[in-house]
J.: 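Got a structure for you, questions after.
Every chain is numbered from 1 and lettered A, B, ... according to where its sequence line falls, protein lines coming before strand lines.
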There are 2 protein chains.
Amino acid sequence: MAGGAVLPTKENHAETFARLRDAHAREVTEDYVEMIADLIVEEGEARAVSLAERFGVTPATVNNTIKRLERDGFVSSRPYRSIFLTEAGQALADKCRERHQIVYDFLIALGLDAKIAEFDAEGIEHHVSAETLEVFRKFTEARKTGD
Amino acid sequence: MAGGAVLPTKENHAETFARLRDAHAREVTEDYVEMIADLIVEEGEARAVSLAERFGVTPATVNNTIKRLERDGFVSSRPYRSIFLTEAGQALADKCRERHQIVYDFLIALGLDAKIAEFDAEGIEHHVSAETLEVFRKFTEARKTGD
DNA sequence: AAATCAATTTAGCATGGGCTAACTTTTTGC
DNA sequence: GCAAAAAGTTAGCCCATGCTAAATTGATTT
Ligand SMILES: [Mn+2]
Ligand SMILES: [Mn+2]
Ligand SMILES: [Mn+2]
Ligand SMILES: [Mn+2]
């Protein structure tokens with residue numbers, strides 16, 4: 001029951017939050033490369049206007065973000081043209097898409113609505129460790145074959 | 001198996017990300033009020049220096065954040081004194097502590113290590129809808145009574 | 001009661017990630 | 001082939017969240 005909720009040590013606690021801030025710093029990058037990969041599959045190319053629509057932000061915001069992604073080596077683009085993933089970007093996108101799918105499938109396996117699973121997965125995906133992801137994956141798998 | 005991952009409609013997708021950005025904007029607030037409540041219980045009061053240690057940030061950063069929280073009606077403080085939760089702050093802290101605990105217990109019920117559950121819960125807690133939280137809670141409950 | 005030490009505050013700065021408005025370029029339709 | 005529409009870019013702004021360095025205040029110890 002452990003009602004007596006003792007706080008973690010200061011050092012552990014600080015490390016937890018440091019890693020959390022790191023995770024947050026990567027979220028937008030991860031969602032963008034994932035979305036760019038999806039758009040290339042679904043629409044043949046990833047245009048800024050599509051990204052803006054999908055994320056619900058202005059084209060100016062997309063432009064800023066794409067510049068950062070380019071600076072960080074995840075995408076390449078030429079003025080007024082569509083956006084491409086670099087090898088690093090594609091690798092990250094693959095990893096994120098897989099992780100996203102595992103989280104989504106897990107939520108569905110737990111019996112949640114598609115709409116809710118969709119929304120929650122979009123946030124949770126960035127905060128699951130490799131260990132947790134593996135547990136999610138196995139759980140979903142067991143549910144599928146189990147009955 | 002639904003391998004053909006069709007994207008959500010543009011409108012749904014945009015709404016998902018809008019809500020996600022909202023959730024992010026609340027994360028720091030939520031972690032602060034939760035931590036302030038914990039410190040008051042564990043140490044008798046919440047001092048800026050303790051918050052700085054726990055979050056692994058500088059006292060200057062804590063000061064900035066506390067000013068925002070005060071502006072937003074979640075805490076009250078006087079210069080060089082410790083920090084108090086307002087009613088709204090206490091209510092939010094209670095809600096967050098409960099939610100945090102449910103997520104943590106759920107991860108433990110899934111068989112994860114305490115260390116990992118602790119870290120992942122700190123991120124995931126901000127991204128679980130009421131529905132998902134309820135499913136988590138029931139799952140943990142079933143595991144406890146079930147065997 | 002000083003002196004010291006710890007805690008807090010302030011000032012000034014940076015980056016990420018949003019926005020609007022104005023402008024340029026490309027694409028499309030006639 | 002040109003005009004209009006769509007897409008992309010740029011400039012200038014805002015706020016949140018972090019930082020360092022310096023100043024200030026509060027607490028402790030002799
Ligand atoms: Mn995603
Ligand atoms: Mn996401
Ligand atoms: Mn998050
Ligand atoms: Mn948290």
Side-chain angles (χ1 to χ4, degrees), chain A residues 10 14-36 39 43-84 122-123 126, chain B residues 10 14-36 39 43-84 122-123 126:
Chain A
K10 286 169 192 175
E15 199 210 322
T16 292
F17 283 102
R19 287 175 58 197
L20 188 59
R21 284 190 294 273
D22 273 8
H24 277 146
R26 272 190 299 269
E27 292 198 21
V28 170
T29 294
E30 292 179 345
D31 284 335
Y32 265 71
V33 296
E34 204 187 333
M35 187 75 83
I36 290 166
L39 286 173
E43 306 185 347
E45 61 177 347
R47 316 253 3 171
V49 67
S50 298
L51 289 169
E53 274 171 357
R54 290 282 163 185
F55 287 122
V57 298
T58 63
T61 295
V62 168
N63 227 337
N64 283 342
T65 305
I66 293 301
K67 282 207 195 97
R68 271 203 314 283
L69 295 188
E70 196 153 20
R71 180 200 65 189
D72 297 341
F74 294 114
V75 310
S76 68
S77 73
R78 295 193 326 280
Y80 296 96
R81 288 275 110 81
S82 67
I83 296 145
F84 298 91
E122 199 58 72
H126 308 282
Chain B
K10 285 168 192 176
E15 200 210 321
T16 292
F17 283 102
R19 286 176 58 195
L20 188 60
R21 285 189 295 273
D22 273 7
H24 277 147
R26 273 190 299 268
E27 291 199 21
V28 170
T29 293
E30 293 179 344
D31 284 335
Y32 265 71
V33 296
E34 203 186 336
M35 187 75 84
I36 290 166
L39 286 173
E43 306 186 347
E45 59 176 349
R47 316 262 348 183
V49 66
S50 297
L51 289 169
E53 274 172 358
R54 291 282 162 185
F55 287 122
V57 299
T58 63
T61 295
V62 169
N63 226 339
N64 282 342
T65 306
I66 293 301
K67 282 209 195 96
R68 272 204 314 282
L69 295 188
E70 198 153 17
R71 181 200 65 188
D72 296 343
F74 294 115
V75 310
S76 68
S77 73
R78 295 194 322 281
Y80 296 97
R81 288 276 112 81
S82 66
I83 296 145
F84 299 90
E122 199 59 70
H126 309 281

J.: Tell me the interatomic distance from Ile66(A), atom CD1, to dT10(D), atom P, rounded to whole angstroms.
T.: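 Taking atom P of dT10(D) as the reference, CD1 of Ile66(A) is at 14 Å.
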J.: Quiz question: by atom type and distance under 3.5 Å, do the side chains of Glu43(A) and Ser50(A) form a donor-acceptor pair?
T.: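 Yes, side-chain donor-acceptor contact under 3.5 Å.
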J.: Sugar-phosphate atoms are those with a prime plus P, OP1 and OP2; base atoms are the rest. Using that split, label each nucleotide of nucleotides 24-29 of chain D B, S or - for protein heavy atoms under 4.0 Å, 5' to 3'.
T.: BSSS--
J.: Arg19(B) CZ to dG18(C) C1': how many Å, rounded?
T.: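 The distance from CZ of Arg19(B) to C1' of dG18(C) comes to 20 Å, rounded to the nearest Å.
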J.: Any side-chain N or O of Thr61(B) less than 4.0 Å from the OP1 or OP2 oxygen of dC19(D)?
T.: yes
J.: In whole angstrom, what separates Arg68(B)'s CZ from dC14(D)'s P?
T.: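 Taking atom P of dC14(D) as the reference, CZ of Arg68(B) is at 17 Å.
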J.: Could you please name the option among dC19(C), dT8(C), dG18(D) that lies closest to any side-chain atom of Ala60(A)?
T.: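 Selected nucleotide (nearest to the side chain): dC19(C).
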J.: Heavy atoms only: give me the nearest Gly123(B)-Leu20(A) pair and the separation to one decimal.
T.: CA-CD1, 3.5 Å
J.: Quick check: does any side chain N or O of Thr61(A) sit under 3.5 Å from a backbone N or O of Val57(A), one acting as donor and the other as acceptor?
T.: no
J.: OP1 or OP2 of dC19(C) versus the side-chain N and O atoms of Thr58(A): is any pair under 4.0 Å?
T.: yes
J.: What I'd like to find out is whether the side chain of Met35(B) reaches to under 4.5 Å of the side chain of Leu51(B), using heavy atoms alone.
T.: yes
J.: Going by atom types alone, do Ser77(B) and Glu70(B) pair a side-chain donor with an acceptor below 3.5 Å?
T.: yes
J.: What integer distance in Å separates Asp72(A):CG from dG17(C):C1'?
T.: 14 Å
J.: Please work out if Val62(A) contacts a base, only the sugar-phosphate, or nothing of the nucleic acid, heavy-atom cut-off 4.0 Å.
T.: nothing
J.: Using the closest heavy atom to pick a nucleotide of DNA chain C for each, name whichever of Ala25(A) or Pro59(B) lands nearer the 5' end.
T.: Pro59(B)
J.: Taking NE2 from His24(B) and C1' from dC15(D), how many angstroms apart are they, rounded to a whole number?
T.: 17 Å
J.: Got Phe84(A) and Val75(A) here, is their nearest side-chain heavy-atom distance under 4.5 Å?
T.: no
J.: For dT9(C), does either OP1 or OP2 sit under 4.0 Å from a side-chain N or O belonging to Asn63(B)?
T.: yes
J.: Tell me the closest heavy-atom pair linking Ala46(A) and Ser82(A), and the distance in Å.
T.: O-CB, 3.2 Å
J.: Expressed as a whole number of angstroms, how long is the span from Arg71(A):CZ to dT15(C):P?
T.: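 So the CZ-P distance, Arg71(A) to dT15(C), works out to 9 Å.
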J.: Tell me: CD of Glu30(A) to P of dG17(C), nearest whole Å?
T.: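 Rounded to the whole Å, the gap is 11 Å.
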J.: Using whole Å, report how far CG of Leu69(A) lies from P of dT15(C).
T.: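 One finds 17 Å between P of dT15(C) and CG of Leu69(A), rounded.
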J.: Quick one: is dT10(C) close enough that its OP1 or OP2 comes under 4.0 Å of any side-chain N or O from Lys67(B)?
T.: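 For dT10(C), OP1/OP2 do have a side-chain N/O of Lys67(B) under 4.0 Å.
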J.: Hey, what's the ring geometry for Phe55(A) with Tyr32(A), parallel, tilted or perpendicular (30° and 60° as the breaks)?
T.: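 Geometry flag for Tyr32(A) against Phe55(A): parallel rings.
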J.: Counting just side-chain N and O atoms, does Arg21(A) come under 4.0 Å of either OP1 or OP2 of dA16(D)?
T.: no
J.: Reading DNA chain C from 5' onward, which residue's closest nucleotide shows up sooner: Asn64(B) or Ala48(B)?
T.: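 In this pair, the answer is Ala48(B).
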J.: Would you mind classifying the nucleic acid contact of Arg26(B) as base, sugar-phosphate or nothing, using non-hydrogen atoms under 4.0 angstrom?
T.: nothing
